[in-house]
Undergrad: 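Got a structure here, written out as structure tokens. Questions coming.
Since the model is a prediction, treat every value here as computed from it, not as a measurement. Ligands are counted one by one from 1 in listed order, and the atoms in each one are counted from 1 as well. The basis for the numbers below is simple: all heavy atoms, side chains too, and nothing from hydrogens, waters or symmetry mates.
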Amino acid sequence: MNRTILQIGFGNFGATHLAAWRSLGLADGLYVIDPSPEARQRCRDLGVPWDHVGEAAAAFLDLADLVVVLAPTDRHFEVCQPLLASGKHLFIEKPMTATLAEAVRLRDLCRDQVVQVGFYFRAHPLAQIVKREVVDGRLGDLRYISARFHGYKRARGDSGVVGNDAVHFIDQANWMMDALPVAVDAVTRDHFGRGYDDLALIRLFYPSGALAHIEVGCIQPGRWNDNIVPGSTQTKEFVVAGSEGGAEIDYQTHQLRLHRVRHELVDGLWRPNNRGVEMPHAPVAEPFQVVAGEFAAFLDAVDGKAPLLAGIEECGVGMARILDAIHRSASQENRITL
Ligand SMILES: NC(=O)c1ccc[n+]([C@@H]2O[C@H](COP(=O)([O-])OP(=O)(O)OC[C@H]3O[C@@H](n4cnc5c(N)ncnc54)[C@H](O)[C@@H]3O)[C@@H](O)[C@H]2O)c1
């Protein structure tokens, strides 16, 4: 089916979105706006026809069936307000808004359109294998998730590492646990004095008693070169521990290890009954392919063929509530109940 898509913003992540629409065969119907002349030129240099590129949304909004918001996070609220009121289906990059109050106001503006938040890892093939393991009970009851997302990279002007990086793994933890946390605590630091965190240690407490611990930062080493932002380094690891085994994802090397292990009481001691490690094969997913997976899920939801991958209540408002609690916990130095 032909689609007319309006992409709002063409910064660092813009080319990845363009490549994703191309891989789905839908780039002919893509229109892009960005207030920056350099961004518009970059977009045209990548082959988007000159009359599909503009400065303001009004130029193409009437044409568009779907709108993708790829502006800086602190602009999402002002950009999305009129779009929601117009009833357009919306894909909003993560995090949906800069504040909880903005997230609630956007949710309240929704009519019956589809709104998906851009939680990339829900469409990542390795995360999807682990999610299937969890849903099918092969890891048993989930006990603990530990995730590390850090490395030397630019400190963004629109958000800190909690809003930019931790959100990915908080969402992934919530998705694996199939629940939102009931409490959080966090410590953060702002070494650059930007008013945004550049280091954060976060703990999430789930209704089942399970825990998650997430370390993020742009001031400590990352083991690998980043595959999205040139010149940056990244460690991007996500580990799930359940009563019947564990899963370790290394997103930078594209490796997944599934541990088949259960502790058993033998001669008065809890010992691991280790039935081995599996390394399932998954084709390497380039970032544009993962984004294409998110878009395909978005289109399926728009067509009523599938439930939403990352909806506004859980991934927009729910996530904003968690981020707000993390910031309050860090400033008050205590645990916040949600
Ligand atoms: N899902 C992911 O893995 C992922 C990865 C990177 C970025 N992101 C998210 O995507 C968004 C954009 O990130 P980026 O790295 O491309 O940012 P960026 O700062 O590199 O680019 C943002 C672009 O938006 C334009 N812009 C500014 N105000 C605008 C407005 N009012 N309307 C339209 N365009 C406007 C700017 O001119 C710029 O070209 C952020 O919310 C970020 O968190 C998500």
Side-chain angles (χ1 to χ4, degrees), residues 6-20 31-46 48 53-61 64 67-83 90-99 102-103 106 116-124 127 149 151 153-172 175 196 216 218 226-232 234 236 238 251-252 285-295 297-298 309-310 315-316 319-320 323:
L6 172 59
Q7 176 172 323
I8 298 191
F10 200 87
N12 277 293
F13 208 35
T16 306
H17 274 232
L18 170 60
Y31 293 78
V32 177
I33 67 106
D34 196 303
S36 148
E38 294 77 25
R40 295 199 294 276
Q41 189 55 47
R42 208 171 46 248
C43 183
R44 291 184 176 118
D45 290 346
L46 287 168
V48 178
V53 182
E55 194 174 342
F60 305 123
L61 193 54
V67 183
V68 176
V69 177
L70 198 50
T73 299
D74 55 7
R75 304 263 76 86
H76 286 187
F77 178 66
E78 70 189 40
V79 169
C80 291
Q81 257 189 317
L83 298 172
L90 215 54
F91 180 104
I92 312 173
E93 264 303 344
K94 54 49 58 179
M96 184 175 83
T97 52
T99 68
E102 290 175 353
L106 288 190
Q116 182 172 322
V117 184
F119 278 116
Y120 177 93
F121 289 98
R122 290 191 183 214
H124 196 289
F149 193 150
K153 58 178 192 164
R154 82 185 159 129
R156 294 180 64 100
D158 62 350
S159 56
V161 290
V162 171
N164 194 50
D165 299 332
V167 276
H168 278 299
F169 282 176
I170 295 169
D171 178 68
Q172 212 177 311
W175 189 49
Y196 290 122
V216 287
C218 61
D226 185 48
N227 48 7
I228 298 182
V229 184
S232 301
Q234 284 281 19
K236 229 184 263 180
F238 190 86
Y251 284 110
Q252 293 300 110
E286 297 297 335
F288 81 87
Q289 293 168 312
V290 179
V291 174
E294 292 183 271
F295 288 165
F298 177 52
L309 186 65
C315 297
M319 178 59 73
L323 298 182

Undergrad: Show your reasoning for whether side chain to side chain contact (heavy atoms under 4.5 Å, CB included) applies to Phe10 and Leu18.
TA: CA-CA 9 Å; Phe10 200 87; Leu18 170 60; 4.2 Å; yes
Undergrad: Among Glu55, Glu93, His124, Arg156, which residue places a heavy atom closest to atom 14 (P) of ligand 1?
TA: Arg156
Undergrad: Just checking, is any N or O donor in the side chain of His17 or Glu93 under 3.5 Å from an acceptor N or O on the other one?
TA: yes
Undergrad: Any idea which atoms of ligand 1 are less than 4.0 Å away from a heavy-atom of Ala39?
TA: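 Every atom of ligand 1 under 4.0 Å from some heavy atom of Ala39: 39 (O).
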Undergrad: When you look at Val291 and Tyr120, which way does the side chain to side chain contact (heavy atoms under 4.5 Å, CB included) test go after all the steps?
TA: CA-CA 6 Å; Val291 174; Tyr120 177 93; 3.9 Å; yes
Undergrad: Output the list of atoms in ligand 1 that are nearer than 4.0 Å to some heavy atom of Ser36, sorted by atom number.
TA: 37 (O)
Undergrad: Does Phe238 have its ring centroid less than 6.0 Å away from the ring centroid of Phe149?
TA: no
Undergrad: How about Asn12 and Arg156: do any of their side-chain heavy atoms sit closer than 4.5 Å?
TA: no
Undergrad: Considering Asp34, Val79, Val290, which one's heavy-atom position lies nearest to atom 30 (C) of ligand 1?
TA: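 Comparing heavy atoms across Asp34, Val79, Val290, the nearest one to atom 30 (C) of ligand 1 lies in Val79.
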Undergrad: How does Phe119 reach ligand 1, if at all, at less than 4.0 Å between non-hydrogen atoms: by side chain, backbone, both, or neither?
TA: neither
Undergrad: Using side-chain heavy atoms (C-beta onward) and a distance below 4.5 Å, is Phe169 in contact with Val216?
TA: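 When only atoms from C-beta onward are counted, Val216 and Phe169 do not touch, as no gap falls below 4.5 Å.
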Undergrad: Evaluate the criterion side chain to side chain contact (heavy atoms under 4.5 Å, CB included) for residue pair Lys94 and His168; output intermediate values, then yes/no.
TA: CA-CA 8 Å; Lys94 54 49 58 179; His168 278 299; 3.6 Å; yes
Undergrad: Donor-acceptor pair, distance only, cut-off 3.5 Å: does the side chain of Arg44 make one with the backbone of Val53?
TA: yes
Undergrad: N/O of Phe13 under 3.5 Å from N/O of ligand 1, yes or no?
TA: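 There is such a contact, yes.
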Undergrad: Show which atoms of ligand 1 fall inside a sub-4.0 Å distance from at least one heavy-atom site of Gly118.
TA: 1 (N)
Undergrad: Hey, does Arg75 come in under 3.5 Å of ligand 1, counting only N/O atoms on both sides?
TA: no
Undergrad: Does the N or O separation between Thr73 and ligand 1 drop below 3.5 Å for any pair?
TA: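 Right, the criterion is met.
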Undergrad: Measure from the side-chain N and O atoms of His76 to the backbone N and O of Met96, and report whether any donor-acceptor pair falls under 3.5 Å.
TA: yes
Undergrad: Show which atoms of ligand 1 fall inside a sub-4.0 Å distance from at least one heavy-atom site of Phe10.
TA: 39 (O)
Undergrad: Using a 4.0 Å cutoff against the non-hydrogen atoms of Arg154, which atoms of ligand 1 qualify?
TA: 15 (O)
Undergrad: Tell me, please, which residues at least two apart from Arg42 pass salt bridge (charged side-chain N to carboxylate O under 4.0 Å, His left out).
TA: none
Undergrad: Which atoms of ligand 1 sit under 4.0 Å from any heavy atom of Ile8?
TA: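 Near Ile8, the atoms of ligand 1 are 32 (N), 33 (C).
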Undergrad: Where the closest heavy atom to atom 26 (N) of ligand 1 is concerned, which of Pro72, Gly11, Cys43, Gly9 has it?
TA: Pro72
Undergrad: If you measure every N or O of His76 against every N or O of ligand 1, does any of those distances drop under 3.5 Å?
TA: yes
Undergrad: Taking 4.0 angstrom as the limit and counting only heavy atoms of Asn164, give me the atoms of ligand 1 inside it, by number and element.
TA: 43 (O)
